[in-house]
There are 2 protein chains.
Amino acid sequence: MADTARPARSSRRRYGLRPTMKDVAARAGVGLKTVSRVVNGEPGVTPDTERRVREAITALGFRRNDSARILRKGRTASVGLVLEDLADPFYAPLSRAVEEVARAHGALLINGSSAEDGERERELALALCARRVDGLVIIPAGDDHRYLEPEISAGVATVFVDRPAARIEADAVLSDSFTGAREGVAHLIAHGHRRIGFIGDLPRIHTAAERLRGYRAAMAEAGLAVDGSWVALGPTGPGRVRADAERMLVGRGSAAGPVTALLTGNNRVTVTVVRVLAGLERRVALVGFDDFELADLLTPPVTVVAQEPALLGRRAGELLFRRLEGSGEEPRRVVLPTRLIPRGSGEVPPHS
Amino acid sequence: MADTARPARSSRRRYGLRPTMKDVAARAGVGLKTVSRVVNGEPGVTPDTERRVREAITALGFRRNDSARILRKGRTASVGLVLEDLADPFYAPLSRAVEEVARAHGALLINGSSAEDGERERELALALCARRVDGLVIIPAGDDHRYLEPEISAGVATVFVDRPAARIEADAVLSDSFTGAREGVAHLIAHGHRRIGFIGDLPRIHTAAERLRGYRAAMAEAGLAVDGSWVALGPTGPGRVRADAERMLVGRGSAAGPVTALLTGNNRVTVTVVRVLAGLERRVALVGFDDFELADLLTPPVTVVAQEPALLGRRAGELLFRRLEGSGEEPRRVVLPTRLIPRGSGEVPPHS
DNA sequence: CCTATCTCTGACAACGTTGTCCACTCCATC
DNA sequence: GATGGAGTGGACAACGTTGTCAGAGATAGG
């Protein structure tokens, strides 16, 4: 008796006795395919038969197994999102926007946080590919995305956001970090500042490099030299940022003297620097990259170079689904403008 | 010839020519199962055979199809999270914490935003069940979760967070909203306030109802009557909240006069009210439910009743995986304490 | 030299669904 | 009463993987 090898009866399987279409068919006294037709709203079933099937479905608590459906149909109606940190106030609305686009296309969003670690980004992206997501939206942490090549050529639509892909050609949706930073620094210069510092993210991160470039460009355009001690790139944890800010503000290790104004490279840096400045006697001008909630209610209100994270996400989602619908266009790069929002902190005059 | 019906060759299928184990096996000149063994690191494969298989895998760019694996194995190693809004600064860290727990257990997190709509919550939760997530974490929007009963008894571990399930028994991880609100109001009373308003979320939301209860309890304990015009529950959009706040502050429609202090029911409400108060001449005391970034840098710094969203998420995740590992315990309710953080805005003395 | 034991390998079925295709029923028509 | 067609229903294979089990060699022991 080979049957003894099978522990479970056909009607109640596994730990969680999930009924299948077969069980529904048996109970309703119809064929398997008829149940499938009812479940999928396909035509060709008499009202009476349909009623019997529906009764059986509710009686058994049947729910279609989408894993099996996916396997059979090939497409999963889900897209993956890999970002740095879901809880970051910049990325959260971006994620939400991608979700909305996915939802409009009937797809679910699976997301994972890379914690700014290239290896973890890779693991996540590949795990999502193994689940056969139809598409991927990636805010890259790593500096080599060739590992995605087989996936992309196997048909996984892929869009990069906030930062471009490294070493492969792929769609990207970016903010114009260079221009944004340049305008921010020009704003400070226009208000009389000559010694301006920049505190940014790790230099390997594209946006950080671009913002630094924008900073240097604005300084150069104004004929201002940049002292080496005025630029500090690194991790955006409060400790490092606080130390660098304090160093620049007293002018320690600098022949050129302390800075009178700061450009901060992203929302986390800005918040830390706002804290540092709040403890100071003298007033220091500040322009922050990224808008943030309550910036307008601080004293002084914080002038920012604003991006639109939700728009970045939406554009990325739209690009993704356009690809999924089979546009065979070349990879393209969408660059969104930033917007300088003067609120006061950028208009503080130089101290010395 | 029935074969003409099959358009694709066996080695390159579908749009995106995904190689399968069969293809790998053919190329390596071994059996299907041997490939499976190599991919899964099972013992019993000679080094030489393994090498051949690995070569074929990289040559073809093979990646295991987890959909098929899931179908076969029964467990998906993924959990679902349904919350109101991924972009909300309260829920984002909660989501991230659940993700971390899932990651520690080798599972992926699929999340969806219900937009505070019970019907959408239901759709999302059931869609996740259809994908056969192993477990579900839900921040409920709806007021009847009986639709989950078949899923739960089919083995989907389910944990509710922030608010309890309605009309079913299920695990829940909550903050102690009642005590938190009571302490917040007691703090205001201790600083001399007698006319205290409460602006909260929709009354059908459990936390809003509990916070209102806490507010009333504190008032009653101090022997203070509550004027009907001092309580405003409703959607937390800025328009409604602003209107209610302004109404309370001038005492329009109230025999008892304008309030001198406010308890706000969640972070969104607090932020809107902070904006309203910033435009006022007189100083109004404020205690906000939920801590938020920069609360300490506003003028005056905002006193809050803090919850720990990340801890809520972590506990929920842990509870979920404990269930998944088969603890057959009764559904339990975990209640986490809140913490009053005095910063100044709650200590403003009454105006009149 | 034959058998017993062990290691490695592969054929086959099954997971739950959907697509293809054929069979059957029922009615209207000739 | 046979014929045709439309309208239903169901048998079967396939999606890509894993578990079971048995077969094929190799080695050792009698």
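Below, chain A is the first sequence line, B the second, and so on; all start at residue 1. Because only heavy atoms are used, hydrogens play no part in the values below, and waters and symmetry mates are left out as well, while side chains stay in. Only a predicted model underlies this, so the values are computations on that prediction, with no experimental measurement involved.
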* Asked: So, is S36(A) close to the dT17(C) phosphate, meaning a side-chain N or O under 4.0 Å from OP1 or OP2?
  -> no
* **Contact under 4.0 Å: K22(B) side-chain N or O vs dT17(D) OP1/OP2** => no
* Please confirm whether any donor atom in the side chain of R72(A) sits under 3.5 Å from an acceptor in the base of dT18(C), or the reverse. => yes
* Rounded distance (Å) that lies between atom P of dT17(C) and atom CE of M21(A) -> 5 Å
* Determine the contact category for G44(A): base if any of its heavy atoms lies under 4.0 Å from a base atom, sugar-phosphate if only primed atoms, P, OP1 or OP2 are that close, otherwise nothing. => sugar-phosphate
* Asked: Counting any heavy atom closer than 4.0 Å, what does V39(B) reach on the DNA or RNA strands: base, sugar-phosphate only, or nothing?
  -> nothing
* For D66(B), report the nucleic acid contact type (base, sugar-phosphate, nothing); a contact means any heavy atom under 4.0 Å. => nothing
* To do: Check every strand shown and say whether T49(B) touches a base, only sugar-phosphate, or nothing at a heavy-atom separation below 4.0 Å.
  => sugar-phosphate
Set out, line by line, the N/O atom pairs under 3.5 Å between protein and nucleotides 23-25 of chain C.
none

* Could you tell me whether R37(B) contacts a base, only the sugar-phosphate backbone, or nothing, with contacts defined as non-hydrogen atoms closer than 4.0 Å? => base
* Asked: Between E318(A) and R322(A), is there a side-chain N and carboxylate O pair less than 4.0 Å apart?
  -> no
* Quick one: is dT9(C) close enough that its OP1 or OP2 comes under 4.0 Å of any side-chain N or O from T46(B)? -> yes
* Structure fact -> Terminal axes of the helix from dC1(C)-dG30(D) to dC30(C)-dG1(D) (5 end pairs apiece), angle rounded to 10 degrees, sit apart by 70°
